[in-house]
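Fair warning: this is a prediction, and the values are worked out from it, not measured in the lab. Chain identifiers are assigned alphabetically (A, B, ...) following the order of the sequence lines, protein sequences preceding nucleic acid strands; residue numbering begins at 1 within each chain.
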Protein chains: 2
Amino acid sequence: MFIKAKQSRVFQDVVEQIQNAIISGKLEPGSKLPAERELKDMFNTSRGTLREALRVLEQKGLIEIKLGVSGGAIIKRIDAGIMIESMALLIRSGEVSLEHLAEFRIKTEGSIMELATQRATKKDIKELEKLFNRAKDYYEQSDWENFLLTDEKMHTYIGTITRNPVFQFVQKTIHDNIHLYYNEFLPMDKDRSLENLMDFKRIIDAMKAGDQKAASEIIMDHVKRFNDKMLEKTRKKPKE
Amino acid sequence: MFIKAKQSRVFQDVVEQIQNAIISGKLEPGSKLPAERELKDMFNTSRGTLREALRVLEQKGLIEIKLGVSGGAIIKRIDAGIMIESMALLIRSGEVSLEHLAEFRIKTEGSIMELATQRATKKDIKELEKLFNRAKDYYEQSDWENFLLTDEKMHTYIGTITRNPVFQFVQKTIHDNIHLYYNEFLPMDKDRSLENLMDFKRIIDAMKAGDQKAASEIIMDHVKRFNDKMLEKTRKKPKE
DNA sequence: CAACTTCAAATGGTTAAACCATTGACTCTA
DNA sequence: TAGAGTCAATGGTTTAACCATTTGAAGTTG
């Protein structure tokens, strides 16, 4: 029936006012808020309280704060940052295991692949091929760092092709966290990498042929194999 | 090669220390942090800086702050709160449209339904039937508020059955936001509600029969019809 | 004139001390 | 014993000052 009356904390009011201005587009990404000492007067509050509000907005990913003269709070374009961090928390706290994540990936990337195959333009395919060739070069040069980065870019680019920001955010969230985890715990495996890479070749071919089902199945299998390898390794080399 | 050196802000250091204690389980949900004036001494900082740190932790959903004597910062169990809020931001800012969300729902709830059908125990089915009957009662009593709540519970319970917290968080995030939007913009529609309700009857039957494909298709169609109705209405009744 | 150095000012980061507001427990009283 | 009043602990807010970083302007030097 009723919802709890919001307790009046001054900094919350400030947060809401600024947040609404950002959401409604009155404040555009890239523009700058006035200096703290000015804002404090505008909201008729103290600097400490105002700074608590800025801290919240910063944590929400709505602003970014820079130091020094000509520094200040800059309006940020909304990105997947908070979601990535939330997911990282869930993983690090053990709430979400890598198996959970893998199961989600299999289903989700399968769906993403179907949509991407439906919607890929010739330009998209070209971009994927470009990324594929770049990854192949890095592989042959044994440049693992760049190889991994490019591999991640291929995954997120497939998300881009869906033209659906929800899938894009989800894909970015998953892969950022996989990457984090991967860098921290797993050594590079040359065979696995080649296998992975070749999956992308098959995916691109399926996309060219417009074969949603094939593309989807390849990526699901790709994720499944990746996960099996990962589990095998983490079991052999437990962290603690 | 390099990652940017983190700037040293005292409050960030405090945030990290407390956050790590929570993640590692040294601080359990429900337990309380010392009072601000004590913490300030423990971290050898000022109260203002310490409060900025608490603000960040609060925004991250890691603590909850209560007023008065015996008040203070209480460790929270991690929930979907931040994700729900992030998604709400994306929707309100126009970054994500209801069509985007619906497309995501169709794919995701389809996957969730497949898993749930695989994993549902007899107890799960009973719980769903209980919810279904409750929703039916509310429908017959024209108690829309409780009807909607129970409908939402059925959706999130299907997420619970997957036994995968990632799907659970995603499902909660989506439905909280749908609910928010629904309450704000759309009037109740008696026919649509009955149709919706009856879909759940068919879903429960498919689950009983262990027919993953059928269950999945019913829910995908269910979501699709819901979305079509929603679009139709929002077009007729534009907000601004 | 060009390159370098120095310095000043603006801005966020931090500290300290005081007071206000809320809450819950304790005490007193009828 | 029930209610009213009091008190203390805790978060919320304010003020005023100082520190640290950054940038651009002014000055210096070759």
Side-chain angles (χ1 to χ4, degrees), chain A residues 2-19 21-22 27 29-76 81, chain B residues 2-19 21-22 27 29-76 81:
Chain A
F2 298 115
I3 60 172
K4 69 175 175 187
K6 71 173 176 185
Q7 53 183 319
S8 64
R9 296 200 283 184
V10 175
F11 76 84
Q12 276 181 336
D13 189 40
V14 174
V15 166
E16 273 168 37
Q17 286 193 52
I18 296 179
Q19 175 172 298
I22 294 174
L27 291 172
S31 62
K32 215 166 67 176
L33 289 179
E36 289 181 358
R37 290 162 177 87
E38 280 178 65
L39 279 173
K40 151 199 102 148
D41 292 335
M42 291 167 65
F43 287 106
N44 189 32
T45 183
S46 69
R47 213 176 140 211
T49 299
L50 178 87
R51 279 175 61 83
E52 290 190 26
L54 292 180
R55 214 78 303 138
V56 171
L57 291 166
E58 183 184 51
Q59 180 56 37
K60 283 189 176 199
L62 291 172
I63 62 173
E64 193 185 347
I65 296 175
K66 289 203 168 143
L67 231 62
V69 61
S70 87
I74 298 163
I75 314 296
K76 260 180 60 172
Chain B
F2 297 114
I3 60 173
K4 70 177 175 187
K6 73 174 175 186
Q7 53 184 318
S8 65
R9 296 200 283 184
V10 176
F11 76 84
Q12 277 182 336
D13 189 41
V14 174
V15 166
E16 272 167 37
Q17 287 193 52
I18 297 180
Q19 174 172 299
I22 294 174
L27 292 172
S31 62
K32 213 165 69 176
L33 289 179
E36 290 180 358
R37 290 163 178 87
E38 281 178 62
L39 279 174
K40 151 198 101 146
D41 292 335
M42 291 166 66
F43 286 108
N44 190 32
T45 182
S46 69
R47 216 179 137 208
T49 299
L50 178 86
R51 279 175 60 81
E52 291 189 27
L54 292 181
R55 213 78 303 137
V56 171
L57 291 165
E58 183 184 51
Q59 180 56 36
K60 284 189 174 197
L62 292 172
I63 62 173
E64 191 184 348
I65 297 175
K66 288 202 168 143
L67 230 62
V69 59
S70 88
I74 299 163
I75 314 296
K76 261 180 61 173

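- Atom CD of E58(A) is separated from atom CD of Q59(B) by 11.5 Å, given to the nearest 0.5 angstrom.
- Straight-line distance from the CD atom of E52(A) to the P atom of dT14(D): 10 Å, rounded to whole Å.
- dG13(C) atom P lies 15 Å from atom CG of D13(B), rounded to whole Å.
- Looking at E52(A) and R55(A), no side-chain N of the basic residue comes within less than 4.0 Å of a carboxylate O on the acidic one, giving no salt bridge.
- Across the protein-nucleic acid pair, R51(A) atom CZ and dC18(D) atom C1' stand 14 Å apart, rounded to whole Å.
- Projected onto DNA chain D by closest heavy-atom contact, R55(B) and V69(A) fall at different nucleotides, the more 5' of which corresponds to R55(B).
- In summary, K76(B) and E64(B) do not engage in a salt bridge, as defined by a charged side-chain N under 4.0 Å from a carboxylate O.
- The base of dG12(D) sits within donor-acceptor range of the side chain of R47(B), with an N or O pair under 3.5 Å.
- Separating the CG atom of L50(A) from the P atom of dG12(C) is a distance of 9 Å, rounded to the nearest angstrom.
- For dG11(D), the base has a donor-acceptor partner in the side chain of R37(B) [N/O atoms by modelled type, under 3.5 angstrom].
- Within the 4.0 Å cut-off from OP1 or OP2 of dG24(D), not a single side-chain nitrogen or oxygen of S70(A) is found.
- Listed for the K32(A) side chain is a donor-acceptor partner under 3.5 Å among the backbone atoms of G71(A).
- Proximity of T49(A) to the phosphate of dG12(D): no side-chain N or O atom is located under 4.0 Å from OP1 or OP2.
- When rounded to the nearest whole Å, the span between CD1 of I65(B) and C1' of dT10(D) equals 11 Å.
- Distance E36(A) CD to dT15(D) C1': 15 Å, rounded to the nearest Å.
- At least one side-chain heavy atom of I63(A) sits under 4.5 Å from a side-chain heavy atom of L54(A).
- One interatomic measurement links the two molecules: CG of L67(B) to P of dC20(C), which rounds to 16 Å at whole-angstrom precision.
- As rounded to whole Å, 16 Å separates atom P of dG13(C) from atom NZ of K40(A).
- Contact annotation: R9(A) side-chain N/O to dT13(D) OP1/OP2 distance is not under 4.0 Å.
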